[in-house]
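One structure is given below, encoded as structure tokens.
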Amino acid sequence: MSGTHVIGLSATELAALWTTYISESISVQFSRYFLAIVEDDEVKPLIEHSLSISHAHLNTIQHIFEKEQFPVPQGFSESDLNTAASPLFFDLFPLSYVYAMSRLSLAKHAMNMANVARSDIRDFFSKCIQSTSDLYSNSVDIMLSKGLYDRPPLIPYPDRVSFVDRKENNLSRWFGPQRTLNVLEMSEMFFNIERNYFGLILLTAFLQVVKDEKLKSLLLRGKEMARKQIEFINEKFIKDELLGTIMVNTEVTTSTESPFSDKMILNLVNMLNSAALTYIGSALSMTTRLDLVAEYTKLIPEIMQYGKDLTDLLIERHWLEEPPHAPNRKELANI
């Protein structure tokens with residue numbers, strides 16, 4: 001007896017596809033907006049490439065869901081965008097946006113790839129990794145050509161392999177704050193500060209255009225959290241005589257007219273905050289300096305509380321699309 005064994009989508013596969021659909025629907029709207037305002041001849045094709053990738057991902061997921069007779073998420077649409085609004089960003093910010101978001105997406109696609117089993121879903125996320133990797137590489141190439149790429153710190157190469165000698169470096173010295181930063185810590189710190197600069201610029205722009213006072217208050221809190229992280233990490237870099245990092249190409253205009261719906265702004269900030277929690281956890285796992293451990297440990301509950309407050313407002317405004325969830329068996333059985 002022969003035949004094809006059809007397997008439905010698992011919870012992890014549904015989660016990967018569903019979250020990717022929501023995030024790509026936001027990417028489409030931002031790409032459409034950037035195409036309406038960008039004038040740079042190198043950046044415009046990059047935005048077109050980004051838009052094409054997002055459309056392809058959305059179409060594939062929609063096809064999979066329809067084939068499975070699974071509801072296609074609503075996500076975000078043209079109704080969440082006002083392309084007629086005055087430019088909110090200067091011409092090179094779209095380049096920074098593609099760079100930052102493709103880095104985040106690349107990590108997310110890789111995680112999704114490791115969590116799925118069905119061959120068509122693995123094939124989809126494998127293609128996502130490849131297309132997003134190409135997009136990221138293109139964005140870095142353009143940033144390098146324009147002299148805008150902010151390079152991580154450089155250190156002299158060591159002349160030999162070394163191990164921790166506990167006779168010479170007791171535990172308090174090795175784990176204490178007096179030790180200079182190692183490259184694992186510097187890497188996490190550099191990209192943490194880079195992500196926070198990106199968030200700071202986005203929040204600065206959003207604060208200029210939102211009129212809702214509750215939303216504005218939350219955005220202001222997020223901006224202050226990003227600023228504190230930037231100051232803390234820069235202070236540690238400078239203390240070890242490593243220059244603090246500054247992104248030079250992320251500027252906001254004086255426009256007060258919003259191109260984005262409050263719903264899309266709040267959902268994007270919530271997504272970025274969730275990603276921040278993941279990256280702080282990664283940084284914490286890589287450090288053995290007590291001052292960094294203490295700061296990262298303090299940040300985690302602060303980020304979680306901020307995420308809860310963002311989610312509460314999303315729910316209050318009926319702006320949070322609910323992900324698929326398991327049935328309540330007790331309720332079905334009337335227990």
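Basis for what follows: all heavy atoms, side chains included, without hydrogens, waters or symmetry-related copies.
Side-chain atoms of Ser145 come within 3.5 Å of backbone atoms of Ile142 as a donor-acceptor pair (strictly under, hydrogens ignored). No donor-acceptor distance shorter than 3.5 angstrom exists from the side chain of Asn270 to the backbone of Leu266, with no hydrogens or angles considered. Using modelled atom types, one side-chain atom of Asn273 and one backbone atom of Ile303 make a donor-acceptor pair closer than 3.5 Å. Under the 3.5 Å distance criterion, the side-chain polar atoms of Asn267 are matched with a main-chain donor or acceptor of Lys263. In this structure, Glu188 contributes its side chain and Leu284 its backbone to no donor-acceptor pair below 3.5 Å. Checked by atom type and distance alone, the side chain of Thr204 pairs as donor or acceptor with a backbone atom of Leu200 at under 3.5 Å. Side-chain atoms of Ser187 never come within 3.5 Å of backbone atoms of Val183 as a donor-acceptor pair (strictly under, hydrogens ignored). When atom types are taken as modelled, the side chain of Glu66 and the backbone of Val72 share no donor-acceptor pair closer than 3.5 angstrom. No donor-acceptor pair under 3.5 Å is formed between the side chain of Asp123 and the backbone N or O of Ser119. Panel note: side chain Arg118, backbone Ile7; a donor-acceptor pair is recorded below 3.5 Å.
Within a 6.0 Å sphere centred on CD of Glu78, heavy atoms belonging to other residues, nucleotides or ligands number 12 at most. No more than 12 heavy atoms of other residues, nucleotides or ligands lie within 6.0 Å of NZ in Lys44, so this atom counts as exposed by the packing criterion. Within a 6.0 Å sphere centred on NZ of Lys67, heavy atoms belonging to other residues, nucleotides or ligands number 12 at most.
Here the OG atom belonging to Ser27 is positioned 11.5 Å from the CD1 atom belonging to Ile22, to the nearest 0.5 angstrom. For the atom pair Leu272 CG and Leu310 CG, the distance stands at 10.0 Å (nearest 0.5 Å). Atoms OG and CG, on Ser131 and Leu106 in that order, are 9.5 Å from each other to the nearest 0.5 Å. With rounding to the nearest 0.5 angstrom, the CZ atom of Arg317 is 9.5 Å from the CG atom of Leu314. How far NZ of Lys228 is from CD1 of Ile230: 12.5 Å, rounded to the nearest 0.5 Å. Remark: Leu218 CG to Glu213 CD distance equals 11.5 Å, nearest 0.5 Å.
Proximity of Arg32 to Leu81: side-chain heavy atoms (C-beta onward) are separated by under 4.5 Å at one or more points. Looking at heavy atoms from C-beta onward, Tyr21 lies out of side-chain contact with Leu17 at the 4.5 angstrom threshold. Here the side chains of Glu241 and Thr180 are not in contact, with every heavy-atom distance at 4.5 Å or above. Ile193 places none of its side-chain heavy atoms less than 4.5 Å from the side chain of Gln229. Within the 4.5 Å cutoff, the side chain of Leu46 has heavy atoms near those of the Leu135 side chain. You'll find the side chain of Thr253 stays beyond 4.5 Å of the side chain of Phe89, heavy atoms only. Contact check for Ser139 versus Leu95: side-chain heavy atoms found under the 4.5 Å cut-off. Two residues are said to be in side-chain contact when any heavy atoms from C-beta on lie closer than 4.5 Å; Pro73 and Phe65 meet this criterion.
Annotation for Leu104 and Ala275: closest pair CD2-CB, 4.3 Å, computed over non-hydrogen atoms. The heavy-atom pair separating Phe70 from Pro324 by the smallest distance is CZ-CG, 3.3 Å. The nearest pair of heavy atoms linking Val293 to Thr297 is O-OG1, 2.6 Å. Of all heavy-atom pairs spanning Glu257 and Ser86, the tightest one is OE1-N, 3.3 Å. Taking every heavy atom of both residues into account, Val116 and Ala16 meet most closely at CG1-CB, 4.3 Å. In terms of heavy atoms, Gln208 sits closest to Ser255 at NE2-O, 2.8 Å.
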- Message: The test is side-chain contact (heavy atoms from CB on, under 4.5 Å); show your working for Ile121 and Ile64 and say whether it passes.
- Response: CA-CA 9 Å; Ile121 311 304; Ile64 292 170; 3.9 Å; yes

- Item | Trace of the side-chain contact (heavy atoms from CB on, under 4.5 Å) decision for Thr60 with Lys127 | CA-CA 11 Å; Thr60 300; Lys127 290 176 180 177; over 6 Å; no

- Message: Set out, in order, the CA-CA distance, both residues' side-chain angles and the distance that settles side-chain contact (heavy atoms from CB on, under 4.5 Å) for Tyr296 and Thr287, then state yes or no.
- Response: CA-CA 10 Å; Tyr296 294 148; Thr287 187; 4.1 Å; yes

- For the pair Met271 and Thr19, evaluate side-chain contact (heavy atoms from CB on, under 4.5 Å) and give the outcome as yes or no after the intermediate values. CA-CA 10 Å; Met271 288 180 185; Thr19 54; over 6 Å; no

- Message: Using the rule given for salt bridge (Lys or Arg N to Asp or Glu O under 4.0 Å), can you reason through Lys146 versus Asp40, listing the C-alpha separation, both sets of side-chain angles and the distance that settles it, and then say yes or no?
- Response: CA-CA 11 Å; Lys146 293 182 177 296; Asp40 188 279; 2.9 Å; yes

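When each of Phe93, Phe76, Phe260 is paired with Phe30, the ring-ring contact (aromatic ring centres under 6.0 Å, His included) condition holds for Phe260 and for no other. Residue Tyr97 is tested with Tyr33, Phe90, Phe34 for a ring-ring contact (aromatic ring centres under 6.0 Å, His included); the sole match is Phe34.
Looking at Glu185 and Lys236, no side-chain N of the basic residue comes within less than 4.0 Å of a carboxylate O on the acidic one, giving no salt bridge. Salt bridge annotation for Arg227-Glu231: present, with a cationic side-chain nitrogen under 4.0 angstrom from a carboxylate oxygen. A salt bridge links Asp309 and Arg221; the closest N-O separation between the charged side-chain nitrogens and carboxylate oxygens is under 4.0 Å. A salt bridge links Asp240 with Arg289; the closest basic N to acidic carboxylate O contact falls under 4.0 Å. A salt bridge links Lys298 with Glu295: the closest approach of a Lys/Arg side-chain nitrogen to an acidic carboxylate oxygen falls below 4.0 angstrom.
A chain of hydrophobic side-chain contacts below 4.5 Å, direct or via other Ile, Leu, Val, Met, Phe, Trp or Tyr residues, connects Val140 to Val38. In the hydrophobic clustering of ILVMFWY residues, with side-chain heavy atoms under 4.5 Å counting as a link, Ile300 and Tyr306 come out together. Criterion: ILVMFWY side-chain heavy atoms under 4.5 Å apart, direct or through other members. Under it, Met286 and Met111 are not part of a common hydrophobic cluster. Hydrophobic clustering keeps Leu184 apart from Leu292 (ILVMFWY residues linked when any side-chain heavy atoms are closer than 4.5 Å, directly or through intermediates).
Looking only at atom types and distance, the side chain of Tyr99 has a donor-acceptor partner in the side chain of Glu194 under 3.5 Å away. In the model, Gln29 has no side-chain atom that pairs as donor or acceptor with a side-chain atom of Asp80 under 3.5 Å. Side-chain contact, Asp134 with Asn138: no donor N or O sits under 3.5 Å from an acceptor N or O.
Between His57 and Phe124, the ring planes lie perpendicular to each other; the angle is over 60°, past the 30° to 60° tilted range.
Remark: Arg103 fails to qualify as a cation-pi partner of Phe198 under the 6.0 Å distance and 45° angle criteria applied to the six-membered ring.
Not less than 6.0 angstrom separates the ring centroid of Phe237 from the ring centroid of Phe190.
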